[in-house]
Each structure stands twice: as structure tokens, then as C-alpha cells.
Amino acid sequence: MSATVSFDVPSAHGPRAVTLSYARVGTGEPLLLLHGIGHHRQAWDPVVDILAAERDVIAVDLPGFGESPALPGGLAHDLPTMNSALSALCEKLELGRPHVAGNSLGGLLALELGREKLVRSVTALSPAGFWTQAERRYAFGVLMAMRQAARSMPLPLVERLSTTAAGRTVLTSTIYARPGRRSPEAVVAETLALAHAEGFAPTLRAGTAVRFTDDIPGLPVTVAWGTRDRLLVRRQGIRAKQLIPHARLVRLPGCGHVPMNDDPALVARVILDGSR
């Protein structure tokens with residue numbers, strides 16, 4: 001069951017109203033879930049029920065993705081604005097300092113929230129920002145190709161491909177190591193989410209100069225990387241550990257870039273262990 005929340009975010013030209021769509025379920029300490037670029041909050045569906053048994057889970061559509069509209073004029077899709085928006089979201093929903101888990105772009109945003117001490121713990125799954133320039137160019141090239149493919153395929157073709165494991169592999173093997181496990185309905189929905197994401201281009205542009213370079217002292221941090229991540233190669237996890245020496249670096253065997261669907265039980269356990 002989705003809901004929306006609106007709040008003001010400061011800009012150079014005065015406050016701007018931002019609206020975000022989210023789903024909330026479960027009981028316990030609050031846990032905010034942040035998806036990757038071009039995706040939507042349903043990326044977390046494979047693990048939400050497990051997490052909700054022990055946490056108050058809030059899965060949000062980032063600005064310009066899923067059901068959330070793009071940011072209004074005067075606000076850039078950059079890290080400072082995302083920090084402000086997510087901080088305002090937590091205040092509006094009375095989450096205090098929640099635990100946060102994020103994947104890819106969401107992992108970078110989670111680490112940024114941790115750096116600003118806005119959260120209680122951080123779990124980052126294949127986070128962006130630990131790349132070399134060559135690795136970033138490769139990842140962005142793959143993402144743009146995925147976006148173009150999603151926008152060019154007619155819906156009947158997407159629906160037809162989604163009905164077979166081979167077709168789901170064609171559509172999603174870049175981000176899943178086990179694409180055949182994804183349901184046909186989920187594959188269609190996330191292909192449409194990628195095609196229609198208003199925030200895709202401005203977020204990608206804002207990321208061209210982004211690198212995460214700070215330690216996050218005094219906060220539990222977990223960085224987890226799939227051994228079969230084809231988008232952000234796992235050696236980037238070693239760099240993350242070097243920058244955040246006290247972080248727990250976890251290997252996700254057999255998982256791709258979006259590991260929640262490849263091994264839900266393992267990913268849920270990593271998030272729950274990292275948010276105690």
C-alpha cells in the first residue's frame with residue numbers, strides 16, 4: 001500500500017515543495033530503504049517481508065523514479081539536495097535517526113546520510129561512488145544502454161519476453177545474477193520504471209563527478225558486494241573498506257548488482273545484522 005508525503009526543501013530561490021511516494025510496513029526500529037538509479041522501491045520486495053518482522057520498513061521512491069515526481073525547478077538531482085530531501089522525509093514521517101539500507105545509487109545516498117550523522121546505521125549494497133573514472137564511464141554507458149533499450153521496446157514485447165526465464169535474462173541479466181527468479185510482473189514493472197524515470201538523466205549527469213572519499217566514524221557501516229556484480233565490479237568494495245576502515249565488508253556469493261532478488265534471505269540477514 002503506497003502513500004505520499006510532501007515537504008519543503010531549501011533552494012537558492014527559496015523553499016521548493018518535494019513529494020515522495022513510499023510504502024511502510026512492519027514494526028520495530030525504523031529502517032529506510034533506498035533503491036538504485038532507474039529502479040523503484042519494489043526492488044526491495046523480495047526482502048521486505050523478512051525485514052518487516054523486525055523493523056518498521058519504509059521503502060521510498062527517490063525523486064523522479066517510481067511514483068515520485070521529479071524535483072521541481074531550482075533543485076538539482078545531486079547529493080546535497082538528496083540529503084536535504086531524505087532528511088526532511090525522515091522528519092516528516094517522525095523517524096528520528098533511522099537505520100538506512102541502500103543499493104547502488106541508494107547505497108551512496110545511505111553513506112551520505114551516514115556521513116552527515118542523520119542515521120543510526122548504514123548498510124550499502126554495491127554502492128556507487130567507489131569507482132575509477134574508467135569504471136564510472138563503463139557503468140554509465142551500460143546504464144544508458146539499458147535505458148535506451150527500455151524506452152525503445154514496445155510494451156507487448158516486454159510482456160512477451162517476461163514470460164520466459166530466457167526473456168527475463170535478456171531484460172535484466174545486467175543487474176541480476178539469477179534473472180530467471182524474478183517474476184514476470186516485476187520484470188515488466190521495472191522495465192517500465194526505467195523507461196519512464198524522469199530523474200534518470202539529471203541524476204546521471206549529477207553523478208559524473210561523484211566519488212565517495214570520507215570515513216564515517218562513530219556509526220555502524222556495512223558494505224556488501226555481489227560476487228557476480230557486472231555493473232560495479234566488486235574490487236570497488238575493497239576501496240570502500242580502505243576509506244571506511246571500521247566498516248564490515250560482506251561478500252554476497254552468487255549475487256549480482258541488485259542482490260535482493262538473487263538471495264533474499266542472505267541480503268535480509270546482512271541488513272538486519274547491520275542495523276542492530
Side-chain angles (χ1 to χ4, degrees), residues 1-5 20-36 39-62 65-68 86 89-107 109-111 113-114 118-127 175-187 189-190 193 219-227 247-276:
M1 192 74 172
S2 66
T4 59
V5 61
L20 294 182
S21 179
Y22 69 97
R24 188 171 188 174
V25 64
T27 56
E29 294 180 354
L31 169 64
L32 183 65
L33 301 180
L34 307 174
H35 62 77
H39 227 145
H40 55 175
R41 66 175 185 270
Q42 288 85 353
W44 297 99
D45 281 356
V47 298
V48 161
D49 286 346
I50 308 173
L51 298 174
E54 299 185 40
R55 299 286 183 273
D56 172 13
V57 179
I58 304 96
V60 63
D61 280 327
L62 295 171
F65 299 99
E67 297 175 3
S68 293
L86 293 171
L89 170 75
C90 292
E91 185 175 346
K92 188 79 171 183
L93 296 182
E94 300 181 346
L95 303 182
R97 291 174 64 231
H99 302 284
V100 62
N103 173 227
S104 195
L105 166 65
L109 296 178
L111 291 164
L113 291 171
L118 296 170
V119 292
R120 296 179 58 182
S121 71
V122 174
T123 303
L125 310 174
S126 295
I175 58 172
Y176 299 123
R178 299 162 176 148
R181 291 186 177 182
R182 201 74 172 125
S183 75
E185 298 77 16
V187 168
E190 62 196 7
L219 204 70
V221 176
T222 299
V223 176
W225 230 282
T227 60
R248 182 177 64 126
L249 180 60
V250 179
R251 184 172 168 267
L252 304 175
C255 289
H257 182 63
V258 181
M260 297 84 81
N261 193 76
D262 287 329
D263 195 335
L266 173 60
V267 170
R269 187 165 72 248
V270 168
I271 294 172
L272 290 171
D273 287 348
S275 60
R276 298 203 186 280

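Predicted, not measured: the structure shown is a model, and the values here were computed from it.
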Open item on the list: Going by salt bridge (Lys or Arg N to Asp or Glu O under 4.0 Å), name the pairs with one or both residues in residues 93-102, residues two or more places apart or in two chains.
Closed with: none
TODO: Compare all side-chain heavy atoms of Val270 with those of Arg248 and state whether any distance is below 4.5 angstrom.
DONE: yes
TODO: State, yes or no, whether a side-chain contact exists between Leu266 and Val250 at a heavy-atom distance under 4.5 Å.
DONE: no
TODO: Give, for atom CG of Leu51 and atom CG of Asp56, the distance between the pair rounded to the nearest 0.5 Å.
DONE: 11.5 Å
Task: Inter-residue atom distance Ile50.CD1 - Leu272.CG, 0.5 Å rounding - done: 8.5 Å
- [ ] Could you check Arg182, Arg178, Glu190 and say which one makes a side-chain hydrogen bond (donor to acceptor under 3.5 Å, both in side chains) with Asn261?
- [x] Arg182
Task: Partner set under side-chain hydrogen bond (donor to acceptor under 3.5 Å, both in side chains) for Ser21, not counting sequence neighbours - done: Arg41, Glu67
Open item on the list: Would you compute the distance between atom CG of Leu111 and atom OG1 of Thr123 and round it to the nearest 0.5 angstrom?
Closed with: 9.5 Å
Task: Contact summary for Trp44 and Leu34, nearest pair of heavy atoms - done: CZ2-O, 3.2 Å
Open item on the list: List the residues meeting salt bridge (charged side-chain N to carboxylate O under 4.0 Å, His left out) with Asp49, not counting sequence neighbours, and say none if there are none.
Closed with: none
Task: Minimal non-hydrogen separation, His40 against Gly66, with atom names - done: CB-CA, 3.7 Å
Open item on the list: To the closest 0.5 Å, what do you measure between CG (Leu31) and OG (Ser121)?
Closed with: 7.5 Å
- [ ] Specify the closest pair of heavy atoms between Ser275 and Glu29, including all atoms of both residues, with the distance to one decimal.
- [x] O-OE1, 4.0 Å
- [ ] Drop me the distance from Leu125's CG to Trp225's CH2, to the nearest 0.5 angstrom.
- [x] 10.0 Å
- [ ] Scan for salt bridge (Lys or Arg N to Asp or Glu O under 4.0 Å) pairs involving residues 259-274, sequence neighbours excluded, and state none if there are none.
- [x] Asp273-Arg276
Open item on the list: Is there a side-chain contact between His35 and Asp61 in this structure, where contact means two heavy atoms from C-beta onward sitting under 4.5 Å apart?
Closed with: yes
Open item on the list: I need the Ser2 OG to Leu20 CG distance, nearest 0.5 Å.
Closed with: 12.5 Å
Open item on the list: For Asn103 versus Ser126, what's the shortest heavy-atom pair and its separation?
Closed with: ND2-CB, 4.2 Å
Task: Heavy-atom donor-acceptor pair, Arg120 side chain to Pro30 backbone, under 3.5 Å - done: no
- [ ] Please name the pair of heavy atoms, one in Leu62 and one in Ser68, separated by the smallest distance, quoted to 0.1 Å.
- [x] O-CB, 3.4 Å
Open item on the list: So, using ring pair (Phe, Tyr, Trp, His ring centres under 6.0 Å) as the criterion, who are the partners of His39 when residues are at least two apart?
Closed with: none
Open item on the list: Could you work out, with salt bridge (charged side-chain N to carboxylate O under 4.0 Å, His left out) as the rule, every residue matching Arg55, not counting sequence neighbours?
Closed with: none
- [ ] Determine, step by step, whether Leu32 and Cys90 satisfy the side-chain contact (heavy atoms from CB on, under 4.5 Å) criterion, reporting the C-alpha distance in whole Å, the side-chain angles of both residues, the deciding distance to 0.1 Å, and the verdict.
- [x] CA-CA 9 Å; Leu32 183 65; Cys90 292; 4.1 Å; yes
Open item on the list: Minimum heavy-atom separation for Tyr176 and Val258, please, with both atom names.
Closed with: CD2-O, 3.4 Å
